[in-house]
2 protein chains.
Amino acid sequence: MKNNTNKRIGIKDIAARAGVSIGTVDRVLHNRGEVKEATRNKVLEIVQELDYTPNIFAKSLSSKHTTKLAIVIPDSSDNNPYWEKPVSGIKLAAEELTHYNTEILYEHFDASDRNAFKNVLHKVCDQNPDGIVLNPVFKDISLEFIQEFDKRAIPYVFIDINLREVNNLAYYGQDAEQSGWVAARLMEASTPKFPNLLIVKQSKWKVFSSHIERRIEGFTRYFTEQQKVINTTTIEIDLNASNEPYESLNKVFDQNISYHGIFVPNSRGFKLANFLKTKGLNNIITIGYDLIDSNIDFLQQGYLTYLISQKPELQAYKAIWALFDHLVTKKPIRKTNYSAIDIIIKENIKYYLENK
Amino acid sequence: MKNNTNKRIGIKDIAARAGVSIGTVDRVLHNRGEVKEATRNKVLEIVQELDYTPNIFAKSLSSKHTTKLAIVIPDSSDNNPYWEKPVSGIKLAAEELTHYNTEILYEHFDASDRNAFKNVLHKVCDQNPDGIVLNPVFKDISLEFIQEFDKRAIPYVFIDINLREVNNLAYYGQDAEQSGWVAARLMEASTPKFPNLLIVKQSKWKVFSSHIERRIEGFTRYFTEQQKVINTTTIEIDLNASNEPYESLNKVFDQNISYHGIFVPNSRGFKLANFLKTKGLNNIITIGYDLIDSNIDFLQQGYLTYLISQKPELQAYKAIWALFDHLVTKKPIRKTNYSAIDIIIKENIKYYLENK
DNA sequence: TCATTTATCGTGTACGTTAACGAAAAGCAA
DNA sequence: TTGCTTTTCGTTAACGTACACGATAAATGA
């Protein structure tokens, strides 16, 4: 933004316009008090009017304060490698931000362990960061700490899971229901009329799988709203167990129903695909989630037909930058940020991998 | 880079160590001459030893040199509004970069006029920019000017069209052939076996439509490589004419062939969709390119089934930042940057529009 | 009333770099 | 030697912001 002339405006322009010194403008901009309400308002008015944005080069040069941003997300495992992705986004952001006196504290925890989550949050609190990126898997514990964040006025950004009715700076993640809807749309286009469909759910993963339930809701809602008749079977399998879920799947496939399509509303589609491969079933339309390595592998082999991706590395990356923009450059941040629902097939996956 | 202590070293540290003033160090670092050979060597030696890297904040703050970046792309028209998109990316980048002494010269030309292209490039040369973003529609003319750029050591970045075997800093754009391949893949999934397919080409647009030809190549290559039998008709229509291409299309549709799918390998899918709408044909799978407003409109109405997008606003945005990073912050730049091939349907378009 | 506190504001220096300006040193001719 | 030019170098004022410090004015207390 420029004003009428071609010169960028700085605090000294504001000072001149407001008839005060740059010291006063600085106090107003940083809420450091010691300014009369009237002058404060006048300065703020002119800041608005001239659409002032600070020069972060000068700021970074001058300031000796390094802003600390904390990231709290689950660690990745062989059974759920999803969280590897955000880490690469974090690394990229961290690299870009070292220039700007910003330090990133990356903390992770076992996603099935409530205590681990609590401990990590305690640790983060002790480090007193300037901002927090959080994947709030356990709602009750999260809310507890959020109270503390609010008290200390530490901004926090959610990724992947959104909590309503709290004062988070932003949310970066998917619109779960709509992504299920998209999956159904693709399923319909690739299967015959009156198809037999199978939905493979994860059992024992109840606490934080609300967004997975919503994917399934979106999936089934599509067919009912479009008044398309389908035959759906839903099975629950412990996909996080380290042994392969062959027995459970065998039971389903032994019942002499030939499925036209299978929907796996979580990132463990590769487990199903592996089963299909051993069975030699490569003519079933399968839809899974997330570009993790094993999924990509089976997509390229043809045992997964579609993957729906939400660019998790971008989510973490954007979340960090949101905090930075809020804290340093004072840019306004949009609260709800749904990621694009990417449709990945064998033919376009290459480009998604290349764009980091 | 830090030295053994924890403090960043600057030119004043070098000056102290070399027993000279910072002015001298500066002259050495910038090859501004007026320094005795002996002292020059001593300074360079210490620069090496202390592993000095300049503070780009201070540099940018202090320097009164504004880097000029030129953008040369076709102008958009009602018949080809594609190039509106990059402009919004340019505007965003321009806004973000005004902070950093960077000025953006936006030059556009009539994409059907060789002379216009030449004139614009001449103009750009005269302005002697520090970097150039170019859509090299006319290969021969482009190569001519590229020689000049190379001679002047001006870095240039291509968008949307890539030229091989030249020394460009980077390329941001699609892999045209692969995007046609993706289109074919979608077409196959949504149409019956042995489908009747129609390809709607743009006539009289030959010189710079190599990437459109490559889309078609990719499209047809898919079916041959998969050994799928299709029946393809290709028609050429002047989609850039301001009158609607009804006559030509009528001729094709009067021949009593019922088409299952139509592929429009350019951004003018909306013209076809409009025809289908007046004819009341909404059961044909249609695949077009680019998220321009009229295409979005017909996608939502159901007369376009799939759109393939390449996020052109991101291309221009990234191209500009590549130049900035190269020139100012000295970051290494990756040369070839294919954009993701986005598959857009009615159900997920919302999220693409929201992400700028 | 005057002294003292308190609220409010301006000044000055620093951050690391650029570049103009002028000073000192060296070279050169007489 | 003197006077002059040329080479070589140091000093200093910016760039836009942060923040300590000191200054001023207003409010309070006696």
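The chains referred to below are lettered A, B, ... by the order of the sequence lines, with proteins before strands, and numbering in each begins at 1. The analysis underlying the following values was restricted to heavy atoms, covering all of them including side chains, and did not include hydrogens, waters or symmetry mates.
- One interatomic measurement links the two molecules: CZ of B:Phe57 to C1' of D:dA18, which rounds to 15 Å at whole-angstrom precision.
- A:His30 comes within contact range of the sugar-phosphate backbone alone, with a heavy-atom separation under 4.0 Å but no base atom that close.
- Both B:Ser63 and B:Thr39 lie near DNA chain D, and the one whose nearest nucleotide falls closer to the 5' end is B:Thr39.
- Put simply, CD1 on B:Ile11 is 5 Å from C1' on C:dT17, counting in whole angstrom units.
- Ring orientation note: the planes of B:Phe149 and B:Tyr156 are tilted relative to one another, at an angle of 30° to 60°.
- Computed from coordinates, the A:Glu34 CD to D:dA18 P distance equals 16 Å when rounded to whole Å.
- Rounded to whole Å, the distance from NZ on A:Lys12 to P on C:dT11 is 13 Å.
- When the P atom of C:dG10 is taken as reference, atom NZ of A:Lys36 falls 11 Å away, rounded to whole Å.
- If you take NZ of A:Lys59 and C1' of D:dG16, they are 11 Å apart, rounded to a whole angstrom.
- Between the CZ atom of A:Arg27 and the C1' atom of C:dG12 there is a distance of 13 Å, rounded to whole Å.
- Ranked by how close their nearest DNA chain D nucleotide is to the 5' end, A:Leu29 and B:Ala58 are led by B:Ala58.
- For the atom pair CG (A:Leu134) and CD1 (A:Ile73), the distance works out to 10.5 Å, reported to the nearest 0.5 Å.
- Under the 30°/60° scheme for interplanar angles, the aromatic rings of A:His122 and A:Phe145 are found to stand perpendicular.
- Atom CD1 in A:Ile22 sits roughly 13 Å away from atom P in D:dC19 (whole-Å rounding).
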